[in-house]
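Data block below; observations after.
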Amino acid sequence: MKKSNLNLSYHEQDGVLLPNICISDQPEDEQPLGRYGRMALAYLRENHPERYAVLKMDGNLMKTMHRVQRDALERMEHLTQQMLLDDPVPETEDLLERARHWNDLKSMAEKIVLQTTVFRVR
């Protein structure tokens with residue numbers, strides 16, 4: 001077997017030597033993506049495969065998706081708090097009414113975040 005000039009280490013699998021290759025050594029890449037990061041990743045892969053490939057080859061794909069996740073969560077928090085100031089939870093004993101109001105605000109904020117932050121080409 002001819003040795004490579006590259007300084008690679010190998011491991012054996014089923015009688016074949018395979019190189020130990022790591023695409024990225026960034027610790028952030030090992031962290032699981034949250035909901036918004038996964039949605040942005042799927043959107044990019046399905047709707048903009050060329051941009052997806054470029055980010056992947058550059059090694060910036062996961063860093064970008066983690067940034068989308070962080071930005072989306074921050075924007076959700078900010079929008080929800082802003083909407084609560086404009087339209088506070090009703091002062092009622094009915095817990096279902098209060099929960100409905102809270103969920104409506106959260107749903108509106110999420111629609112905005114999806115359009116402005118998640119489903120956007122990076």
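Considering all non-hydrogen atoms of both residues, Gly37 and Gln69 come closest at N-OE1, 2.8 Å. Across all their heavy atoms, Ala72 and Val118 have their closest contact at CB-CG2, 4.1 Å. Between Arg75 and Ile112, the shortest heavy-atom distance links the atoms NH2-CG2, 4.0 Å.
In this structure the side chain of Asp71 never reaches within 4.5 angstrom of the side chain of Tyr36, judged on heavy atoms. Taking the side chain as every heavy atom from C-beta outward, Lys106 and Met76 approach each other to under 4.5 Å. Annotation: side chain of Met108 is not in contact with side chain of Leu79 (no heavy-atom distance under 4.5 Å).
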Would you be so kind as to tabulate the donor-acceptor pairs closer than 3.5 Å made by side chains of residues 41-51, with sequence neighbours excluded?
residue: Tyr43; atom: OH; partner: His48; partner atom: NE2; Å: 3.4
residue: Asn47; atom: ND2; partner: Tyr43; partner atom: O; Å: 3.2
residue: Arg51; atom: NE; partner: Arg122; partner atom: O; Å: 2.3
residue: Arg51; atom: NH2; partner: Arg122; partner atom: O; Å: 3.1

inquiry  = I'd like to know whether Leu33 forms a side chain to side chain contact (heavy atoms under 4.5 Å, CB included) with His66, so could you lay out the CA-CA distance, the side-chain angles of the two residues, the decisive distance to 0.1 Å, and finally the verdict.
reply    = CA-CA 6 Å; Leu33 278 175; His66 282 287; 3.8 Å; yes
request  = Apply side chain to side chain contact (heavy atoms under 4.5 Å, CB included) to the pair Val68 and Met39, showing each step before the final yes or no.
outcome  = CA-CA 10 Å; Val68 170; Met39 291 170 80; over 6 Å; no
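Open room surrounds CG on Leu95; 12 or fewer heavy atoms of other groups in view lie less than 6.0 Å from it.
A donor-acceptor pair under 3.5 Å is absent between the side-chain atoms of Asp87 and the main chain of Met83, judged by distance alone. In terms of modelled atom types and a separation under 3.5 Å, the side chain of His78 and the main chain of Leu73 share no donor-acceptor contact.
The NZ atom of Lys111 lies 14.0 Å from the OG1 atom of Thr116; values are rounded to the nearest 0.5 Å. To the nearest 0.5 Å, atom CE of residue Met65 and atom CG of residue Leu55 are 6.0 Å apart.
The list of side-chain hydrogen bond (donor to acceptor under 3.5 Å, both in side chains) pairs with a residue in residues 88-99, not counting sequence neighbours, reads Glu97-Arg100.
Ion pairing of Arg35 with Glu110 is present here, as a side-chain N (NZ or NE/NH1/NH2) and a carboxylate O approach within less than 4.0 Å.
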